[in-house]
Amino acid sequence: MFIKFKHAVESTLKSALDTAGYSTDNLYIEESAHSDLASSLSFRLASEYKQSPMIIADTIASKITIPENSLIDRVEVAGAYINFFVSETFLNNTIYEIFKKQGSYGAGHGKGKVIIEHTSANPNGPLHVGHIRNSVIGDTLARILKKVGYEVEVQYYANDMGRQIAIVAWALDRFEFNQQKKTDHAIADVYIQANQELRDNPDLSLQIDNMMQKIELGDEEMVKRFDRATNLAIAGITSTLKRMNIHHDRFVYESRFVKGGDVADFLRELEESGLAETIDGALTVPMPEFDKDLVIRRSNNTSLYVTRDLAYHRWKAERCDRVIDVLGADHKLISSQLCYVLRVCGIKEPEIVIFEFVSLPEGSMSTRAGKFISADDLLDQVNTQALAEVTKRRPKTDEDFRKRISLPVGIGAVRYDIVKISPEKATTFDWESALDFDKLGAPFIQYSHARACSILKKTSGVPDSIDPSVLTGEAEIALVKELARFSHVTNAAASNLKPHIVAIYARKLAESFNQFYRMSPVLSAPDDLLEARIGLVECARIVLASVLDVLGIDAPESM
RNA sequence: GGGCUCGUGGCUUAGCCAGGAUAUAGCGCCGGAUUUCUAAUCCGGACGUCCCGGGUUCGAAUCCCGGCGAGUCCGCCA
């Protein structure tokens with residue numbers, strides 16, 4: 001409804017501008033603390049028309065006519081600002097729309113198919129607290145895009161033939177594989193040992209080179225060894241992701257682009273078109289925009305990560321309308337080189353979402369060096385802490401209840417803490433903050449939802465529709481206005497690919513609901529207000545559940 | 001050395017792309033509200049050179065230039 005209000009403000013302002021004889025290509029409409037929407041365009045017109053901005057604002061405002069039943073209630077001039085306020089119609093329509101659309105309230109006009117790739121961690125160990133920043137951002141984006149109407153396919157691009165996997169495969173023959181451990185953790189153990197060994201005896205790396213050659217040629221024995229390594233790691237990674245409500249529709253193994261000939265085709269086309277040339281025996285794409293050219297085939301004829309990635313991106317581009325990649329900041333250069341090649345080949349480029357690194361207080365993480373905190377460790381500890389928190393707050397409930405509630409509370413807390421931070425901010429992992437349940441995070445939002453459910457459970461039923469016009473309390477109106485912003489937020493998050501704005505909205509919505517809860521008693525409300533307030537609680541419940549769903553966070557009905 | 005990103009109260013952070021009204025919120029700190037629809041709540045208070053210096057503008061946290069600091073990348077690794 002907020003979007004419709006904005007459109008109404010735009011057209012109203014535009015026609016007033018025409019009537020007053022001004023013209024501009026930008027209406028400078030912004031959200032404001034002083035009104036529901038404000039325009040500061042009088043300032044801009046002032047120099048052009050050699051008039052005082054206050055006079056311009058007054059002139060424009062005097063030409064504004066608001067039709068009957070408009071979403072705009074009134075217009076006020078404050079200094080040079082023109083302030084617009086929502087009408088009762090706006091508030092009523094918001095409630096009607098939520099009742100009508102229920103869980104699909106907040107959908108947008110996204111059209112077409114999106115392939116979004118996220119996580120895609122190398123299968124050489126478990127996911128760590130850095131990888132899951134990728135997973136949470138990617139999964140939330142996928143949910144946002146679905147919410148606004150896109151058909152979304154989520155992919156994990158699994159590197160099953162790179163040098164690091166060769167090292168894992170080599171390590172599995174050389175070191176003992178711990179059968180007791182979760183498979184991805186056991187893979188990390190042998191991988192770390194292998195890297196130590198390779199550091200101590202650099203000559204051994206010839207064995208790795210040899211394996212790389214064989215896998216490129218499709219040597220059957222070698223394919224088996226690489227597959228075993230990859231599958232053990234991916235199985236563990238998948239189960240960690242499942243714990244966090246994260247699902248991939250498809251795992252795409254990079255080896256398929258070598259086996260299927262896509263890589264060879266792409267290389268041949270690049271060579272024949274003259275876009276790539278052989279330098280020192282290696283096929284290279286000149287990159288005048290960058291400091292450095294890009295090697296796409298080694299002098300020993302093997303392909304590189306970026307070569308396979310090019311084939312993968314062409315494959316994706318042929319299968320959807322938008323390609324989105326969620327990548328760590330270390331991929332900035334290589335991904336822009338990849339885009340450069342795709343661009344000169346006339347292939348649709350991916351939209352790339354970059355997130356900055358998560359480090360430990362003692363420095364950056366490294367799977368190879370064994371310096372990392374695994375996602376499983378984090379989830380275990382957070383769940384333990386969540387159980388303690390539920391026990392502290394609901395001591396009279398049975399253990400079954402406490403365990404059942406602590407799970408979504410813990411997972412929600414982890415997801416929210418990650419997604420609330422803007423991706424371009426580098427972060428340092430901190431146990432104390434990760435295990436802090438007193439701050440305003442997912443549990444705060446889940447709690448608001450549980451409160452709404454609790455009220456509804458005590459009523460004799462939710463009405464099919466209500467008369468919202470009796471909801472005139474300050475907190476009630478503020479809550480309805482917040483509910484009205486939902487689709488505006490999801491659409492903005494989708495078009496800017498910024499999931500954190502949904503997280504911030506969810507917190508604000510929960511705050512609005514809590515204020516309403518405090519100020520407007522529902523069950524003991526006078527008869528003329530009772531039904532309307534129950535209806536408003538139902539609307540809040542619907543939108544709180546929806547926004548939590550978009551964030552991939554479960555919404556318990558009691559906690 | 002070059003590229004990219006970040007720098008906002010003690011700590012974490014929104015706003016920056018599309019410049020505007022008292023700079024957002026959380027943690028922590030101080031004080032208040034509970035015979036309740038679940039207090040994982042609500043209300044109030046203290047805490048700021050928006051890294052520094054120039055510039056553009058009627059107006060700069062936001063745009064431009066120059067510094068400083070942090071992270072990251074600059075492999076025929078992935």
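Chain identifiers are assigned alphabetically (A, B, ...) following the order of the sequence lines, protein sequences preceding nucleic acid strands; residue numbering begins at 1 within each chain.
Residues of residues 525-532 of chain A that place a heavy atom closer than 4.0 Å to RNA chain B do not occur.
Taking only side-chain atoms of A/K332, from C-beta outward, the nucleotide of B/A33, B/G71, B/C37 with the closest atom is B/G71. The A/F43 side chain lies nearest to B/C58 when the options are B/G15, B/C37, B/C58. Residue A/K425 places its side chain closer to B/G7 than to any other of B/A40, B/G7, B/U41. The nucleotide whose nearest atom lies closest to any side-chain atom of A/F444 is, among B/G59, B/G7, B/U41, B/U41. Candidate nucleotides B/A40, B/A25, B/U38 were compared by shortest atom distance to the side chain of A/E511, and B/A25 ranks first. Taking only side-chain atoms of A/S32, from C-beta outward, the nucleotide of B/U38, B/C37, B/A21 with the closest atom is B/A21.
Nucleic acid contact class of A/A450 (heavy atoms, under 4.0 Å, all strands): base. Residue contacts shown for A/M559 include a base, since a base heavy atom lies under 4.0 Å away. Backbone-only contact: A/I421 has heavy atoms under 4.0 Å from sugar-phosphate atoms and none from a base. Counting non-hydrogen atoms under 4.0 angstrom, A/V409 reaches a base of the nucleic acid. Nucleic acid contact class of A/S422 (heavy atoms, under 4.0 Å, all strands): sugar-phosphate only. Nucleic acid contact class of A/V390 (heavy atoms, under 4.0 Å, all strands): base. Among the atoms of the strands shown, base atoms are found under 4.0 Å from some heavy atom of A/N83. Counting any heavy atom pair closer than 4.0 Å across all strands shown, A/A38 reaches a base atom. At the heavy-atom level, A/T428 lies nowhere under 4.0 Å from the strands shown.
Cation-pi geometry between A/R74 and A/F84 is not met: the NZ or CZ atom fails to fall both under 6.0 Å from the ring centre and inside 45° of the normal. Cation-pi geometry between A/R308 and A/F257 is not met: the NZ or CZ atom fails to fall both under 6.0 Å from the ring centre and inside 45° of the normal.
The phosphate of B/U38 (OP1 or OP2) has a side-chain N or O of A/K458 nearer than 4.0 angstrom. The side chain of A/N514 places no N or O atom within less than 4.0 Å of a non-bridging phosphate oxygen (OP1 or OP2) of B/U41. In this structure, A/K439 does not reach the B/A40 phosphate: none of its side-chain N or O atoms is under 4.0 Å from OP1 or OP2. Proximity of A/H449 to the phosphate of B/U41: no side-chain N or O atom is located under 4.0 Å from OP1 or OP2.
Distance A/K6 NZ to B/A18 P: 14 Å, rounded to the nearest Å. Across the protein-nucleic acid pair, A/L479 atom CG and B/C42 atom P stand 13 Å apart, rounded to whole Å. Rounded to whole Å, the distance from CZ on A/R507 to P on B/U41 is 13 Å. Between the OH atom of A/Y416 and the C1' atom of B/U12 there is a distance of 13 Å, given to the nearest Å. Per the geometry, CG belonging to A/L440 stands 10 Å off P belonging to B/G28, to the nearest Å. Between the CD1 atom of A/I501 and the P atom of B/U24 there is a distance of 20 Å, given to the nearest Å. When rounded to the nearest whole Å, the span between CZ of A/F513 and P of B/C42 equals 12 Å. The nearest whole Å value for the distance from the NZ atom in A/K396 to the P atom in B/A40 is 13 Å.
Shown here, B/C37 forms no base pair; nothing in the strands shown gives a Watson-Crick or G-U wobble contact with both key distances under 3.5 Å. Nucleotide B/U24 forms no Watson-Crick or G-U wobble pair with any nucleotide shown, as no partner meets the under 3.5 Å limit on both distances. In a base pair of the Watson-Crick type (N1 to N3 plus N6-O4 or O6-N4) or a G-U wobble (N1-O2 and O6-N3), with each distance short of 3.5 Å, B/C4 is matched with B/G71. In this entry B/G44 has B/C30 as its Watson-Crick or G-U wobble partner, both defining distances falling under 3.5 Å. Under the Watson-Crick or G-U wobble criterion, with both distances below 3.5 Å, B/U49 has no partner in any strand shown. Under the Watson-Crick and G-U wobble criteria, each requiring two contacts below 3.5 Å, nucleotide B/A14 is left unpaired.
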request  = Evaluate the salt bridge (charged side-chain N to carboxylate O under 4.0 Å, His left out) criterion for residues A/K439 and A/D417: first the C-alpha distance (whole Å), next the side-chain angles of each, then the deciding distance (0.1 Å), finally the verdict.
outcome  = CA-CA 10 Å; A/K439 61 180 182 235; A/D417 280 353; 3.0 Å; yes
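Salt-bridge check for A/E48 with A/R44: failed, with every basic side-chain N at 4.0 Å or more from each acidic carboxylate O. A/E476 and A/R533 are joined by a salt bridge, as a carboxylate oxygen and a charged side-chain nitrogen come within less than 4.0 angstrom of each other.
Using cut-offs of 30° and 60° on the angle between ring planes, the pair A/F429 and A/W431 is perpendicular. Using a 30° and 60° split on the angle between ring planes, A/Y157 and A/Y312 fall in the parallel class, below 30°.
The same atom, P, is picked in B/G1 and in B/U56; the two are 31 Å apart, to the nearest Å. Comparing B/A21 with B/A61, their C1' atoms are spaced 15 Å from each other, to the whole Å.
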Please write out the pairs of protein N or O atoms and N or O atoms of nucleotides 72-77 of chain B separated by less than 3.5 Å, giving the distance to one decimal.
| from | atom 1 | to | atom 2 | distance (Å) |
| --- | --- | --- | --- | --- |
| B/U72 | OP1 | A/S364 | OG | 3.4 |
| B/C76 | O3' | A/R298 | NE | 3.2 |
| B/C76 | O2 | A/S299 | N | 3.0 |
| B/C76 | O2 | A/S299 | OG | 3.0 |
| B/C76 | N3 | A/S299 | OG | 2.9 |
| B/C76 | N4 | A/D280 | O | 2.6 |
| B/C77 | OP2 | A/R298 | NE | 2.5 |
| B/C77 | OP2 | A/R298 | NH2 | 2.6 |
| B/C77 | O3' | A/R298 | NH2 | 3.3 |

